[in-house]
Structures are given as structure tokens and as C-alpha cells.
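To start, the structure itself, in C-alpha cells.
Computed over heavy atoms, backbone and side chain alike; hydrogens, waters and symmetry mates excluded. Because the structure is predicted, anything quoted here is derived from the model rather than measured. Just so you know, residue 1 is the first one in the sequence shown, and it goes up from there.
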Amino acid sequence: EALTLHAMMMTSMPYFILMKPNTMEIINKIWKFRQETGLHLCFTLDAGANVHLLYPEKEAEDVFKFINTELVAYCQNGHYICDRIGFGAKKVK
């Protein structure tokens, strides 16, 4: 879906490209990692050039190793954000 959205933006009039060269480098590294390991690492993109990784919690250790060896060099000042799914909405009084 993320790649389809970016493809649509590139074919609009006027066209615009929000992905940067490093965005594609990261995506290619993710595809290679997934092929080599068989792990379930996926990605999505925000409306810009930022890559967001999605993976099962049970694979987090291997994914963090991959991030720190392959991807952290692309992060500003070596910083990245780790997040997780919450417990959903709760009714408050």
C-alpha cells in the first residue's frame, strides 16, 4: 500500500516524489533481510521518506540486531523510535 501511494504521487500532475535515495536503500535492505532470514519484517512509509518497520514481537531481537547493524546509519544522529501496539481504547467516565 505504501509503495502504491508513492507510485500514485509520482504519476500525478504535477508529480512529486517524497522518497529519498536512502529510503530505497533501506527498503532494499529490508527485502534482502527478509529473503535471507525468512523473518516477517515488513515496512510502511509515512507521507514522506520515513520508513516504519512492522514485525512480530517474537522476532524483535533479530530485528533490533538488523536495525543496529544495517539501518541505524540512515537514522539522524543514530536515533530511531521503538513503538508497539497498545491495548486499545478504554471508556472513561
Sidechain N-carboxylate O distance under 4.0 Å for Glu25, Lys29: no
Find the distance between [atom1] ([X]) and [atom2] ([Y]) and round it off to the nearest 0.5 Å.
X: Ile26; Y: Glu70; atom1: CD1; atom2: CD; result: 11.0 Å
X: Leu39; Y: Glu59; atom1: CG; atom2: CD; result: 4.5 Å
X: Asn22; Y: Leu71; atom1: CG; atom2: CG; result: 11.0 Å
X: Leu41; Y: Gln35; atom1: CG; atom2: CD; result: 13.5 Å

Over 12 foreign heavy atoms within 6.0 Å of NE2, His40: no
Criterion side-chain contact (heavy atoms from CB on, under 4.5 Å) on Leu45 and Thr23, from CA distance to verdict: CA-CA 9 Å; Leu45 302 168; Thr23 308; 3.9 Å; yes
Single-linkage hydrophobic cluster Phe43~Leu54, side-chain heavy atoms < 4.5 angstrom: no
Phe66: partners by ring pair (Phe, Tyr, Trp, His ring centres under 6.0 Å), with sequence neighbours left out: Phe33
Quick check: do [X] and [Y] have side-chain heavy atoms less than 4.5 Å from each other?
X: Val51; Y: Asp46; answer: no
X: Leu53; Y: Ile30; answer: yes
X: Ile67; Y: Lys65; answer: no
X: Tyr55; Y: Phe64; answer: yes

Donor-acceptor side-chain pairing of Asn68 and Tyr80 below 3.5 angstrom: yes
